[in-house]
There are 2 protein chains.
Amino acid sequence: MTTNKPDLDRSDWIAGLEKGIRIIEAFNDAHPRLTPSTAARRTGITRTAARRYLLTLQHLGYVESDGRLFWLTPRVLRLGWSYFDSAKLPRAVQPHLQRISVALGGATFFAVLDEDEVMFVARDGSSLVQNVGYVLGARISANLSAAGIAMLACLSDDEVDRWIAGRRFIQYSPYTTTTVEGVLECIRKARHLGYALLEQQLAMSVRGIAVPIRNREGKILGAISVSLHMGTETPEHAVARALPLLREAEYALLSTF
Amino acid sequence: MTTNKPDLDRSDWIAGLEKGIRIIEAFNDAHPRLTPSTAARRTGITRTAARRYLLTLQHLGYVESDGRLFWLTPRVLRLGWSYFDSAKLPRAVQPHLQRISVALGGATFFAVLDEDEVMFVARDGSSLVQNVGYVLGARISANLSAAGIAMLACLSDDEVDRWIAGRRFIQYSPYTTTTVEGVLECIRKARHLGYALLEQQLAMSVRGIAVPIRNREGKILGAISVSLHMGTETPEHAVARALPLLREAEYALLSTF
DNA sequence: CTGCAGCGCGCGATTATCGATCATAACCTC
DNA sequence: GAGGTTATGATCGATAATCGCGCGCTGCAG
């Protein structure tokens, strides 16, 4: 239960903190409201303990309850805000996103790898896909977004193999690549070109172009992507329009970090 | 230290969870990186304990460290995402924000009251103010945003008095209202009109118009606001343009919740 | 009517968390 | 460059905070 990470601490390990976080993360689309029992089942904590954690969160204002069900309040956004307020990176990226989305008429994103998924950290412009407005913190399988492919392309073969191991590719659109070889080919291509181009993986008629963002030591900090309507534009033309702007942001950030 | 909230629990109170959250929230713009000692001072936790919490967060991946300093990782956004993924409200609001920002050419926000500040929960469109892209979770004093005034206008006189008590109004622009009477007048006007109109409180040449969002029982869920460049447009004209769209969203949400 | 499942609550056991303390390292200040 | 000051990681008992079993209750469904 206490998933002591590889490099183990003796026991400066606050079990209560881990469990509390697990409780918060137990809420999602499919489980917007939890009873102590359900929360316990979803987190592997005992029912009595889960109830204690929920009550604590309630008194802290992070959770509300009608006495039976518990649900998250907007206050949990404070935690995410602590990151935005403290981290230089998203703040440095934002003006670039703004510039690119205005110039290209698409939605731009800054994403990072979180565990083996892509997580969206910053955004500008209106989303092309209906109802996808508040993607900050959202995570999807890395192969589904251009930003994810751009970052995977920066990993070594071993790391890619490890990423791909035991992964199942879900079909989101008729054009989603769902074979290991297909995804590998896509990564190889991105590695060769130095940018990623993805079409209709997640939604129809949407094309994504992304470049990885590194710091001076070469460490991957994330990726900037732009989503464009495909329309009648050729891939080559879209890349020709988008890539210079993405590269400009890439170089500007490279020299900053 | 253990701020047992008014209605006390016997002791289903997980101290570790509260402290861990306090540690996360100790990071901000002025303190992007913390040592165990600084974290301890900022949170009121002892140094040894603060170090334990930071190490725990590190092993959970929410914090990174170079051995001396600790800083938050984007992973904390997961927590905010739990709210977005689970709550119906921001998801229901988003399409309206999108529609309004496209129609009016401004940035739209959905905000709630968190303690006595305004917190931004959802957004659409590009910000008018430079470098303010990732406002989700950001909090400002309620009197500085139209959304805040719109919500304050829904409170009783007693509640407004309690909100205003001991509050100091900081000057952000030459036009910021910094007197108690000025802010009260602003609230009264919004209460009378049923919407809030604010100009140049936080930034020059920006005008905000907001309406409160209630549910069927009349409880305030939040407020929708739109930020517009003032330009040469009269306030009356801006209201005439914006208010119907805001009202439309208000009624749509009223019937949903 | 009668199971079943979920619920709050109390209690005793234990173990996880605390913080004083120390030696060392880093940091200023002069 | 040296001495004073402060921050740091590690250790270790004491203790109180957390645990989870078990009770009796409720509400729902068969």
Side-chain angles (χ1 to χ4, degrees), chain A residues 1-27 30-60 62-72 86, chain B residues 1-27 30-60 62-72 86:
Chain A
M1 181 174 306
T2 47
T3 37
N4 272 335
K5 280 288 175 70
D7 58 316
L8 49 107
D9 344 291
R10 54 198 82 276
S11 68
D12 2 48
W13 178 264
I14 310 294
L17 178 51
E18 190 214 357
K19 290 191 193 142
I21 289 175
R22 285 234 299 277
I23 291 278
I24 293 178
E25 292 185 347
F27 292 89
H31 303 269
R33 297 176 172 222
L34 297 177
T35 64
S37 310
T38 6
R41 248 179 283 116
R42 286 179 56 74
T43 54
I45 302 172
T46 60
R47 183 180 64 89
T48 327
R51 181 172 170 272
R52 276 195 293 270
Y53 283 89
L54 285 167
L55 288 172
T56 302
L57 287 170
Q58 181 184 12
H59 288 298
L60 289 171
Y62 291 89
V63 148
E64 279 176 355
S65 167
D66 61 0
R68 191 165 314 177
L69 290 163
F70 292 80
W71 58 90
L72 292 178
S86 65
Chain B
M1 179 173 306
T2 48
T3 37
N4 274 333
K5 280 288 177 67
D7 58 316
L8 50 108
D9 344 291
R10 56 197 77 277
S11 67
D12 3 47
W13 178 264
I14 309 294
L17 178 51
E18 189 213 358
K19 290 192 191 140
I21 288 175
R22 286 234 298 278
I23 292 277
I24 293 178
E25 292 185 348
F27 292 89
H31 303 270
R33 296 174 173 225
L34 298 176
T35 65
S37 311
T38 5
R41 248 180 282 115
R42 286 179 55 74
T43 54
I45 302 172
T46 60
R47 182 181 66 86
T48 327
R51 182 171 170 273
R52 276 194 294 271
Y53 283 90
L54 285 168
L55 288 173
T56 302
L57 287 170
Q58 183 184 10
H59 288 299
L60 289 172
Y62 292 89
V63 149
E64 278 176 355
S65 167
D66 61 0
R68 190 165 315 176
L69 289 162
F70 292 81
W71 58 90
L72 293 178
S86 66

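Letters A, B, ... mirror the listed sequences (proteins, then strands); counts begin at 1.
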Nearest 0.5 angstrom please: B:Arg51 CZ to B:Gln58 CD, how far?
10.0 Å
C:dG19 OP1/OP2 closer than 4.0 Å to side-chain N/O of B:Thr48
no
Between atom CZ in B:Arg47 and atom P in C:dC22, what is the gap in whole Å?
14 Å
Phosphate-side-chain proximity, A:Arg52 and D:dT18, N/O vs OP1/OP2 below 4.0 Å
no
Are the side chains of B:Tyr62 and A:Ile21 in contact, using a 4.5 Å heavy-atom criterion?
yes
Nearest heavy atom decides the nucleotide; on that basis, is A:Thr38 or A:Leu17 closer to the 5' end of DNA chain C?
A:Thr38
Does any N or O donor sit under 3.5 Å from an N or O acceptor when you compare the side chain of A:Arg41 with the base of C:dG6?
no
With a cut-off of less than 4.0 Å, is there a side-chain N or O of B:Arg51 near OP1 or OP2 of D:dG9?
yes
In this structure, how many angstroms lie between the C1' atom of D:dA17 and the CG atom of A:Leu55, rounded?
16 Å
Would you mind telling me which of D:dA10, D:dT18, D:dG20 lies closest to the side-chain atoms of A:Thr46?
D:dG20
Quick one: is A:Arg68 getting a side-chain N or O under 4.0 Å of the D:dT26 phosphate, OP1 or OP2?
no
Of the nucleotides D:dG20, D:dG9, C:dC18, which one has an atom closest to the side chain of A:Ala49?
D:dG20
Can you see if the side chain of B:Lys19 gets near the phosphate of C:dT17 - specifically, an N or O under 4.0 Å from OP1 or OP2?
no
Taking only side-chain nitrogens and oxygens of B:Tyr53, does any of them come within less than 4.0 Å of OP1 or OP2 of C:dA16?
no
In whole angstrom, give the distance that lies between atom CD1 of A:Ile45 and atom C1' of D:dC21.
17 Å
Rounded to the nearest angstrom, tell me the gap between atom CG in B:Leu69 and atom P in C:dA26.
14 Å
Is there a donor-acceptor pair under 3.5 Å between the side chain of A:Thr38 and the backbone N or O of A:Leu34?
no
Heavy atoms, side chains only, cut-off 4.5 Å: are B:Trp13 and A:Leu60 in contact?
yes
Distance, rounded to the nearest Å, where A:Ile14 contributes CD1 and C:dT17 contributes P:
5 Å
Nearest whole angstrom, please: distance from the P of C:dC9 to the CG of A:Leu54.
14 Å
Just by modelled atom types, is the B:Ile14 backbone N or O under 3.5 Å from a matching donor or acceptor in the A:Thr56 side chain?
yes
Can you check the B:Arg42 CZ to D:dA7 P distance for me, whole Å?
16 Å
